[in-house]
Amino acid sequence: MAGKSASINPLVLTGKAPDTTQHVQLHPLALLTISDYITRHTLRSQEGPIVGAVIGEQDGRSFTLEHAFECKLQELNGDVLVDGSWFAERLEQYRDVHKAPPLDLVAIFALGPVEGPQKVHLPMLKQVQQLTGNDSVMLLLFHGELVDHLQGGKLPISLYESVQEQEGAQVKFRELSFEVETGEAEMIGVDTVAKAGTAATAVQRADTAQTGESSKKATSSKGKGKAKDKDKEDDTETAGILSPEDDELIASLTAKANAIRMLNDRINLIRSYLTTLPPSYLTDANSTTPPPRDTTNHILLRNVNSLLSRVPLLAPQSPIVALSNGHEAASAIPSSAAPAPAPAPSPPSSGIHAAGAKERQDVHLTSLLAVLSRSVAEAQAMGSKFHIVSREKENKSRPAFGGGGRGGGGGGGGGVGGGRSLGGFGEEGLTGEVRGAP
Amino acid sequence: MAQKGWEIENTVKLVDPTRDALYKYDADKVKKLNNERPWRSDPNHFKHVRISAVALIKMAMHARSGGDLEIMGLMVGYIEHETFIVTDAVRLPVEGTETRVNAQDDANEYMVTFLERSRQAGQMENAVGWYHSHPGYGCWLSGIDVGTQEMQQSINDPFLAVVVDPHRTISAGKVDIGAFRTYPQGYKPEDSGSSAEGMAAVPMAKAADFGAHANRYYSLEVSHYKSTLDSKLLEALWNKYWVQTLSSSPLFTNREYVTKQIEDVVAKTALVHDGMKKTSGLPPMGPRPKTGNDQFAKVVKAAEKIASEEKMGLVAAMVKEKVFAVAAPQLDRAAHAVAADGGDTQMADVKAA
């Protein structure tokens, strides 16, 4: 296996894909399921290759890869195939629980080299295609050798669709590009695991409590999180310093900070790319050198241009402009533009500015109400405590009176009333009580 | 069997036996523990739960996909010392589980065949618990849930009950999940208030159900784990989904849910207020009834929770505004300036070069 350099693989078609390219979206859960299976399979020394299926939604030419599961294999004439009946029933079971939206088989996954599908992958893929009657089942290859050399956020997988040029000819593969897409719950799940998930070290009897504590409190990412961890474990008495709400706030702020840092990196990347371009008529009006035809990436430049032209549209000044394109700013990457959900909708008359102000006021109002409730609760608690204290000293100082003193208490705010009935003597008694208290 | 092309030899490098220890499965050890049954003598034997990355994400997604309907599923894994280790989660084709007593029976056949097939494929873990969702009303066990769990613990022990709240998850941006085990019939836990305290925000409609059974179960500590390979992939994935983190609008997406929460707090406050008015007329007999204060404290906690979630949503909106919209007018002017100078900038004759 020649590592990363692409040696010619007779099974892979090179060249541009036709115009009817498919639109493929990969969900992180599918990827994590595959990785989970790989880890399990390896650590449990299971036999046989790592092969499984991926289900997703197919809508014309666009596919999603959402869930994955491992497959039982069988060997036939030296070919590795999936156990047909097992596979059909298992697929049916998955279809049963994924009905809205209905998911179906879209791909088979296996480990494979960077060069692409090998002869060993063929019989299995063909069998599955026959089983499901679906010729467009794709092949997803996981490249184990790339995992340690991941750069620039590239995932160690490639996706291939099978192409049959003529009837009865050798089936060939063409590589497909895909993008990563997540649902809301999926993103939150992945986020939670990425930040708070600790290593899967074996459970120890003595320090299960320890690992439990530290993993629960490691909500902020990486370096800061570890320092905070140690602090927390040291002073468990003062563990209430950061309430869970504060923890959550910190976690979300850190996530936002990381995202902004990423955005900044990307923008700098674009900037540095643009500055390295050769000088053109835009920078120096007298220059007559045409831009080099071969090295200029026109597509990239067009993308950057369109991105820049969208940015001014975010100005919430005039209501007409703000409504249509305000949401596109978030997709600030040239390579994958995933449209983001729109900010708060603006009623046509007042514009986005007013809606934003309204939202802010609502949030502040809820905070105010929460603070008010807390103050009332604390005042009430104080009132009742005061009432108890004054009642107690009443009983102690006037045992002869018995029930009479008790009746003078009154309701919630009645602590003051109790003090009143005792007059001057009560004052002294109260202070005496306080001094005498242990 | 032709090994070439399957890349088996490379997989060894992808795992770390120490840091991925939980992915191993020792069938003999499990059998031994099942025979000893240390949990029989101590109702509080199990204290911790470790949930794998895939199990957590699958459960969260399943709960969300049900919308406002409760969903249900099975967890597989094993036990070790005082910990449940959940390695995977399986959906069950049942819905609306809170209103029916024996929802699990419908899914029995599915469960049995599914697990059987998993074993054939090499996934040898047994069922170690069940999970279901409480959309919008928090993580605790209802009367029906307690009944189901008690039965499972008597037949299928060791068994764990897990509850997920998909609405709270989306609203808070963190997976809202709880794990519980019931006490055997007639067992009185020492600190009877323990499970009741954390549950500040149980909505009014369910409060009666919650209160009646709160003493029959206890909650376990939940933590997550992931493999070294998962970590590497997640790092790569972060590069892709940071966009969604930055562009999400929680205030907008959760409007309905938050409104309901506020209504609930209002109703509870009114209830507490009425309660106060009633007791204020009577002479207090002995120490002031604690329940009034407790209830109010819970209302306050619920209100503060809503306020903090709203604040986080506002921060998201403000960040977006600051980063994208503030400088927009200047850029607008700059862009207009360039366009005004001549939209189609004239190039010098190329042939002259």
Q: Without swapping roles, check the side chain of B:Tyr23 against the backbone of A:Asp36 for a donor-acceptor pair under 3.5 Å.
A: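 Side chain of B:Tyr23 to backbone of A:Asp36: no pair is present.
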Q: Without swapping roles, check the side chain of B:Lys226 against the backbone of A:Val193 for a donor-acceptor pair under 3.5 Å.
A: yes
Check whether [X] gets within reach of chain B through its side chain, its backbone, both or neither, counting any heavy atom under 4.5 Å.
X        : answer
A:Tyr94  : both
A:Val376 : both
A:Leu369 : neither
A:Gln46  : side chain
A:His143 : neither
A:His41  : neither

Q. Which heavy-atom pair separates B:Lys311 from A:Ser367 by the least distance, and what is that distance?
A. CE-OG, 4.1 Å
Q.
Applying side-chain contact (heavy atoms from CB on, under 4.5 Å) to A:Arg40 and B:Lys24, what does each step give before you reach the verdict?
A. CA-CA 7 Å; A:Arg40 254 189 298 129; B:Lys24 288 191 261 207; over 6 Å; no
If you count heavy-atom pairs under 4.5 Å between each of [options] and chain A, which one has the most?
options                              : value
B:Gln123, B:His62, B:Met59, B:Met318 : B:Gln123
B:Leu56, B:Ile57, B:Val319           : B:Ile57
B:Val49, B:Val90, B:Asp26, B:Thr113  : B:Thr113

Q: May I ask you to decide whether B:Arg255 forms a salt bridge with A:Glu359, counting only side-chain N to carboxylate O separations under 4.0 Å?
A: yes
Q: Please determine if B:Glu125 and A:Arg44 form a salt bridge, counting it only when a charged side-chain N lies under 4.0 Å from a carboxylate O.
A: yes
Q: Could you give me the CA-CA distance, side-chain angles and deciding distance for A:Thr366 and B:Ile262, then say whether side-chain contact (heavy atoms from CB on, under 4.5 Å) is met?
A: CA-CA 9 Å; A:Thr366 26; B:Ile262 296 180; 3.8 Å; yes
Q: Output the option from A:Ser309, A:Pro101, A:Gly189 having the highest count of non-hydrogen pairs under 4.5 Å with chain B.
A: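 Looking at each option in turn, the highest pair count goes to A:Gly189.
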(Q) Can you see whether A:Arg90 engages B:Ser118 through a side-chain donor-acceptor pair at a distance of less than 3.5 angstrom? (A) yes
